[in-house]
K.L.:
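The structure under discussion is supplied below as structure tokens; questions concerning it will follow.
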Amino acid sequence: MEIPLVLLLPFAGSIVAALLPTHARSAASGFAGIVALATTVLVVRLYPEVHAQGAIEWRQAWLPALGVDFVVRLDGLAWMFSLLVAGIGCLVAFYARYYMSPDDPVPRFFAFLLAFMGAMLGVVTAGNLIQLVFFWEVTSIFSFLLIGYWYHRRDARRGAFMALAVTGGGGLVLLVGMLLLGVAAGSYELDVVLARGAAIREHALYPVILALVLVGAFTKSAQFPFHFWLPRAMAAPTPVSAYLHSATMVKAGVFLLMRLWPALAGTEAWFVAVGGAGAATLLLGAWCAMFQRDLKGLLAYSTISHLGLITLLLGLDSPLAAVAAVFHTMNHATFKSSLFMAAGIIDHETGTRDLTRLHGLFRAMPITGALAIVASAAMAGVPLLNGFLSKEMFFAEAFYLDAHPVIQYALPLIATLAGTFAVVYALRVAYGIFFGAAPDRLPHAPHEPVRWMRVPIELLVFTCIAVGVAPALVIGDLLATAARPVVGGQLPPYDLALWHGFNAPLLMSMLATVGGFLVYRSLGRRLGSAGLDVAPFLPIDGQRSFERTVAGVDRAARALVRRIVTRRLQPQLAWMVVLATAGAALAVAQTGLVWGDRQRVAGTFAVAALWSVGATSAVAAAWLAKFHRFAALVTLGVTGLMVCITFVYFSAPDLALTQLVVECVTVVLFLLGLRWLPKRKLGDASERSPRTRLRRARDLAVAIVAGAGLSTLSYALLTRPAPHSISPFFLDRALPEGGGTNVINVMLVDFRSFDTLGEITVLGAAALTVYALLRRFRPPREAVALPAQQRLSLGEAATDLVAPREEAAALTGYLKVPAVLARLMLPLAVMVAVYLFLRGHNLPGGGFVAGLVVAIAFIMQYLVAGASWIEARLTLNPARWIAVGLLVAVATGAGAWVAGYPFLTTHTAHPEIPLLGRIALPSALFFDVGVFSVVTGSTLLVLLALAHQSIRARRAQAAARDAASPVASTTAVAALPLAVAADRR
Amino acid sequence: MEIVLSAAIGILGASGIWLVLRARTFQVLMGLSLVSYAVNLFLFSMGSLSIGQEPIVTPGIPADLAHYTDPMVQALVLTAIVIGFATTALFLVVLLALRGLADNDHVDGKDEGA
Amino acid sequence: MSAGVTLADAIIAFLLVAGGLFTLVAAIGLVRLPTFFIRMHPPAIANTLAVWCTALAVIGYFLAHEGRVALYVWLIPILLSITAPITTAFLARAALFRERQRGGDVPPPPGRQR
Amino acid sequence: MIATLTAAVADAVAPLMPHLVVAPVVIPLVAAAALLAIGEGRRGLLVAGSLAAMAVTLAVALALLAWVDVRGATPVIAVYLPANWDVPFGIVLVADRLSALMLAITAVVAVCALVFAVARWQRAGVYFHPLFQLQVMGINGAFLTADLFNLFVFVEVMLTASYALLLHGSGRARVQAGLHYIAVNLVASALFLLGVAMIYGIAGTLGMADVAQKLPAIPPHDRGLLYAGAALLGVALLAKAAVWPLNFWLVPAYSAAAAPVAAVFVLLTKVGFYAVLRLWTLFLAPQADSTTRFGADVLVLMGLATVVVAALTMIASRNVRRLAALATMMSAGTLVAVLGFGSAELLGGALYYLLGSTLAVATLFLLADLIERAREKGTGATADEGLVAPPPFAFDEQPVASGVNLDDEEAALIGQPIPIALAFLGLAFIVCVLLIAGLPPLAGFLAKFTMLAVLVGHDGAPTSSLGWAVVVVLILSSLVALLVLVRTGIRYFWVPQGRAVPHLAVIECLPIGGLVAGVVCITVAGGPILRYTTAAATHLLDPSAYVQAVAGTKATPGPTQPSRAAGGGTR
Amino acid sequence: MSPLVATAVAIALSCYALAIALAFVRLLRGPAAQDRVLALDFLYINGMLIVLVLGVRYGSGMYFESALLIAVVGFVGSAALAKFLLRGEVIE
Amino acid sequence: MRRWLPAPLLSASLFAMWLVLQGSLAPADVALAALLAIAIPVACAPLRPLPVRVRHPIVIARLILVVGYDVLLSNLAVAVGVLKSPWRKPRSAFVRIPLDITDPNALASLCMITTVVPGTVWTEYVDGHGLLLHVFDVDDEASFIVAFKARYERPLKEIFE
Ligand code: NA
Ligand code: NA
């Protein structure tokens, strides 16, 4: 149970830290330090087990579907990294207590730090590939949050984003690599993967896997060409730099290379890719580090260089080099984090990190100075310090490598050159900062920091010395344990001694040291006084390239999006029509089209003539709709009438009824709308442009092809019999079980009543939408005024053309006679509606038609008498009708539950009523009442909401006339409430 | 007769589609109405054409598709007509609202020629 | 088949054809007559005589063939006589108004000399 | 533990079955009618009624979820026959694993959106509550129905309510987007009807299971017409599922809609996907001579194109609402693309992905509202820029010369305290980003990992070139989503100075917190949920159990149907 | 149905179809909007007559409702169109 | 009484209409007819402010016969006029007829008559200015006016006023 605790502790600690009060600096850092310390102790306590068993693990089912368990696995390598992560984490937490300002809201900082620690521990202890990627990405995220901790600073935002882009992207690539690796190995389990190295290297996917994994590793470990993000990450608070960007997170990449070394290393491709990238990074980092002006920048580039060194070692495909890589990883973590912390102190106490301003500090801060000098010496590879040992191992590997002659000569040269550069930048830190002229231009007077702030550095520097002086004693066992899994269990012979005799590596060291001193002397003055903004002789600036790439992608995406994404309606609809046509055509083409063999119905002159008219009117409507809306509306009505007659002709009386009433309402509806559509003027210039013509031709072609397709399909189906149809059932059961002879009505209120329930819901919802939208209606400017007809008739001296808005007006004028007749029609129409409603179950009719008839009868009253007159006498509450209708319909349906039947099951009661006899009372009748009510309410709500706009406009005009302000009208119209409001109480 | 009806469906559909692809909102409205006629007739035509065989059961006539037209398609068309009516009304009002807000009747709310 | 039924059929056939022909004449008038107001008259033929004939034919048909008095068919002419005037009154008034507006050959508004 | 809980719930709802199946439709409908009857005046009553109805709907959905999953291996398929007519003559409702899952996610999102709306948005227009209920009713009905035409009806209910909700609050942007949205959907509905008509014309039936059953009997020369019907239906549904090039309406509509409305709209594209999934797997079984279904490659390609276009558009966008809309599109594309492979494991991963992305995008829409409100308060400006000319992709500022001495920056090296409200928003935002980009540690990663693992062939199956294309596109889209969202997050959250602290009502944070909690839940329960979704996918790809369950259901014998044999409603 | 009546029905239907075609010519030609409305109203009456005749042809009373409905509500469309011409709006 | 039977004439018509529509005299239908004949006028009463009062049923019957006869005659006349129109243009004209009746119901009845009788179109009625009628074929306007008033207006005046 201790094993998972290694992960659990930091994450739990993170949550607790996040909940601490904003300025609890000591509490937060203390807490974080204790958590890290506890984790360290845990890790240390696990050492005997790891040492003895090679690997220990804890397993928990995670994604059983994919055979992936959550495995916390600690072998030597993982243990070593865990120790680094937890141990340095502890020191950094301690250090940060003093580094961070008391005003800083540090709980957030420590929460992120602990979470990062957990994620990093997750990476190193991952027992399967997926888990590794999982935590890998989490480290990227927390790195992003930590770099952006001081987000009010521009460099922090930019640095954080860049780091996330590179490392997060790399992580995604790594995910694919790991998935493929899992495929090649046959399992995601690390044990299995490591055991099947040979099979993996033989696998066809190996090059792809290698490339993907390396992209992941290189981005994380800032290897060329992905190195550029790391210097930018220095915008993070220094404890973060010390921890994430030197000691731990950037090591994840090399950790991965070590982790997978047994599985992936040992091929030409590995050697070229890993070694090449390592060598390039080694040199490039060192070169750039020499010219940095920012102390943290220098350390960042040196980190890049050292990571390159480790990568190069791992790329050499030799077990001994791999051991050296592990060793250098440990060494680098100690001296580099101590250097970062020292840099933090210098920054903290002097107020600057500018190397041109930092000099002669030794007098002011001797202890810090001494520590920094020792750490720098370790970095430069000075004997008796840990850096020296691993550097010597590297030089030896470089020199004794057995490879292509060019490489055999180039590698020692590169190593020596990099060593030289390392000496130069180490001198810039050790000598340049602490010696030379006394400091003059510093923001603060320099002095030693608080005693405790130095403690972490002292511990780390002590480690450097201890390892450097007595390597075998201090680190020998540990190194062996850590390196054994990397080289696949069999350690090569090596000797952790200070003195190996006077040999080539020593010579290379000496050359590098001397060369370094010489270069520093010649360059040092210039660097010390002015510095260089950019390292010379570098053709490519990675950061710039990154930004340019990103901007380029942005531009390209926008250009592309403008081409492939439209916000216009016409292309959208065209796409849909074209796709549908093409899809149907292709589908039919699969089997070819065969007309059916159903007996054709003999054609008659009448139908042909009627449909000539119908089709012509449709074309005419299409032709007229742009400039002659009224005429188009009339022709549309003709088409509707033809559809209606067709329904009658082909045995669909119910459809005919429905179509007819809907036609009537639609005409009124469109006319109500037409009131608010100002007239279009004929013939704009664009009508004749070639582009317009082309577009019209294209649309015409699309329309004709789609129409032809529709014809074809309908003909193909019309001529087919329906052998599979379930319809005979309905004909058979409508009367005995549905209780009605009109099968259509029985379908609507019984067989498919669930459809009808949805249908009336649609109607109600549409009506409510119309009403809601019209409440905020703002008419077009040209249409606000009274219609031209009414304005003209206002001028006539004696006229019958009066608006029926007053009580008396409804009975005078041109409406006087029609009003009488229309009012007479109201009861008659209601009677007809009742008739249609009651007989619907057995003969054509039903709730829907009845509802529309009543609605039309009411609309007619509005038409002859005006809205005000009607509403002064009658409170219609259409929304309430909808509500009641829906409730009645649902209640009828739910009534079946009482009897234990499914929703909407019908039952016909046959009560015996005195004098009247037995009458049939189907429950479907009540359902139809609901339909009736919803239909009436919805239709009235839509039409009246539209009609009321006229009243609003007229009132607004009256108001505007009163105010004598022409501007007021529009706003007044918009502000007026709608009198027909359903919410009127 | 089948030819006449399918030709009619095609012409109605083509006119509707042409209008739906136009730039003026009222044209689109008319187009949608025509398309919905075409679709309703298409749906209706799935039941095949029958004359004098309305789906109202009469005692003594066998309850099969040789003696009655298919009631299913009629029920479906009925529902489709109602839904079409509701959505047409809705589209009309949205069209009006846009006309008021955009001060032109282009479907994209911006007058940039035809 | 008895002679009575044949006579009934003859009457029915006559009424049906008469209704059709009268309507055709009305349609011809609608197309051929020169001005709007004159054109308003022929449709009344369809509205009255043609409807009466056809309604009588229907009543006669059901009487002769099914033996039931389909009196309800006569509701159609009655209802038409109530609804048709509404349209006519509106339409004629509208035409008059529009003709006056465009200076057509129609009487001026009452109380205003031409 | 989850197993015991579901078993307990299943036992509790057993007496209510199968009537419970129809409840997700009836409850919102009754609520809508009642709320409409109550009237707009009594706001308190409206809110209480609306919330209560939605809570009951959620409870029902969860109970159904427990019910269908109770016996693990054997599929529990609850079949309900409204109006009590035998299959295939009446309409059939079916709650299987997939339907129950979709109902549950719908209810969760709807409850959260509704609570969020109570704070402000409900007052932006009339009839919000009834229409919201109808929206949920339509979605639920579409998920439950097993009848083609009834599906059309419920899709129309859903769409009509969505028109209303999209227009809720009115204003130029909404009306403009609404017009396009309605026009596109009306044309799509026409295609839908044509497709249904053709399938009925050929198969003579409308029950989905019945159609599936009758397909083998369709003569070969009729098959082309059947496929044509399927293609028409497919275009209509893919338009609703927001697949390129049928999805241009999505971004304007979703980004114009009021926040809670947009959150619910996330579900609408899922209805499109659900319908494609259901019908495609039921109707287009692989032919004897091949292993792939009709149109599989088309689906993959269209899905891929959708993801690519969404990603590209994301790069060119900076507004959170637009990004959320694009994330909807991206997830739609991903789902459709992986659907085409017809692998149960893959589909299981995709369904799990659907859960996560739905929650995430819904949350993002709600968040966007609060974030932008905070921003507008600070700057006094509304940010609603489109594609016209956004500033460069990467950074807000001009790039600084490299090597500038960092100490010359005026800004102090002291962090800014983050107000609790902002911290809350930020945290929720991060959760959304991680989910949408498919990054660890949340469900998005698990889902993407599952899908990728299957695609690259972890089970030994070779990967097709289309499979590789999907892998590449999924990875790149993840990266784009991550970077674009982070960039936007930086712009909104990492504001240098002088920020106005947003005033958040608890009632606005509650739903966001709830959704985030939901995300955490589905992450923690990743294993069981993946098992569930994979089981759902398995039964989708082999629909025989579904077909048999429906075909085997008999109407309840009763007084008006005396001839009917006895038999239960549930299998 | 006797052949005589059947022939009469066919003739009547042809007459109506022809009448509809002629009236449609007027509807298309106009020239004024009122001409179109007049023609539409006439078409509706024609439609009603066709429905009545079809009732005879099919020997069925089930088409009567359609005819009745045209009589009751068929005028509303043309009345509304006419009122729109007169006043510029349908409901004042 | 007024309240429950606001329009007795209408109620009677509705009662008859229902029975005609149902084509049955079964007790249930009669009961329903009575119910509807009472309920519908009551429900519609607010929108029908003008009470209809008629007298002289014999005059009514005679008027109906006269109109029926006129319908037949003028149908034929107009049909012939239409067919002859290529050769002989109908002498159509607007005729303004001063009216004595003012009751809206009477006017509405007159409007119905002019509509069902082909050859006359109710064009404009302005209170105090009479009725503008468009006539299909008229030689002598003055005699037409006299005949019109005698044939239709007088009976209506008797019936309604
Ligand atoms: Na019916
Ligand atoms: Na007349």
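In this text the structure is predicted, and so the values were computed from the model without any measurement. Only heavy atoms go into these numbers, but all of them, side chains included; no hydrogens, no water, no symmetry mates.
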K.L.:
Tell me, side chain or backbone of A/Q599 under 4.5 Å from chain B's heavy atoms, or both, or neither?
P.N.:
backbone

K.L.:
If we only count heavy atoms from C-beta on, is the B/L29 to A/F670 side-chain gap below 4.5 Å?
P.N.:
yes

K.L.:
What part of A/F848 gets within 4.5 angstrom of chain B, counting heavy atoms only: side chain, backbone, both, or neither?
P.N.:
side chain

K.L.:
Go through the atoms of B/L90 and report whether side chain, backbone, both or neither lie under 4.5 Å from a heavy atom of chain A.
P.N.:
both

K.L.:
For each of B/A89, B/A38, B/P59, B/S50, tally heavy-atom pairs with chain A at distances under 4.5 Å, and name the one with the top tally.
P.N.:
B/S50

K.L.:
Does any heavy atom of chain B fall under 4.5 Å from the side chain of A/L943, the backbone, both, or neither of them?
P.N.:
neither

K.L.:
Non-hydrogen atoms of chain A under 4.5 Å away: do they reach the side chain of B/V94, the backbone, both or neither?
P.N.:
both

K.L.:
Considering only heavy atoms from C-beta outward, does the side chain of B/M72 approach that of A/F751 to under 4.5 Å?
P.N.:
no

K.L.:
Side chain, backbone, both or neither: which part of B/I3 has a heavy atom under 4.5 Å from chain A?
P.N.:
both

K.L.:
Report which part of A/L713 has an atom under 4.5 Å of a heavy atom belonging to chain B: side chain, backbone, both, or neither.
P.N.:
both

K.L.:
Check whether B/L101 gets within reach of chain A through its side chain, its backbone, both or neither, counting any heavy atom under 4.5 Å.
P.N.:
both

K.L.:
Assess whether side chain to side chain donor-acceptor pair (under 3.5 Å) is satisfied between A/E759 and B/T79, documenting all intermediate values.
P.N.:
CA-CA 6 Å; A/E759 166 202 329; B/T79 305; 3.2 Å; yes

K.L.:
Are any non-hydrogen side-chain atoms of B/L76 and A/R752 less than 4.5 angstrom apart?
P.N.:
yes

K.L.:
Give, as side chain, backbone, both or neither, the part of A/T604 having an atom under 4.5 angstrom from any heavy atom of chain B.
P.N.:
both

K.L.:
Given that the side chain runs from C-beta out, which part of A/L624 has a heavy atom under 4.5 Å from chain B: side chain, backbone, both or neither?
P.N.:
neither

K.L.:
Who among B/T69, B/T25, B/I81, B/D64 has the most heavy-atom pairs with chain A under 4.5 Å?
P.N.:
B/I81

K.L.:
Please look at A/F730 and chain B and tell me whether the side chain, the backbone, both or neither of the residue comes under 4.5 angstrom of a heavy atom of that chain.
P.N.:
side chain

K.L.:
Where on A/W676 is there a heavy atom nearer than 4.5 Å to chain B: the side chain, the backbone, both, or neither?
P.N.:
both

K.L.:
Are the side chains of A/V743 and B/Y68 in touch, meaning some heavy atoms are under 4.5 Å apart?
P.N.:
no

K.L.:
Contact part of A/A632 toward chain B, heavy-atom cut-off under 4.5 Å: side chain, backbone, both or neither?
P.N.:
both

K.L.:
Is it the side chain or the backbone of B/I51 that comes within 4.5 Å of chain A heavy atoms, both, or neither?
P.N.:
both

K.L.:
Are A/R567 and B/D108 close enough that some pair of their side-chain heavy atoms sits under 4.5 Å apart?
P.N.:
no

K.L.:
Tell me if a side-chain donor or acceptor on A/S727 pairs with a main-chain N or O of B/D70 at a distance below 3.5 Å.
P.N.:
no

K.L.:
Would you compute the distance between atom CD1 of A/I760 and atom CD1 of B/I83 and round it to the nearest 0.5 angstrom?
P.N.:
11.0 Å

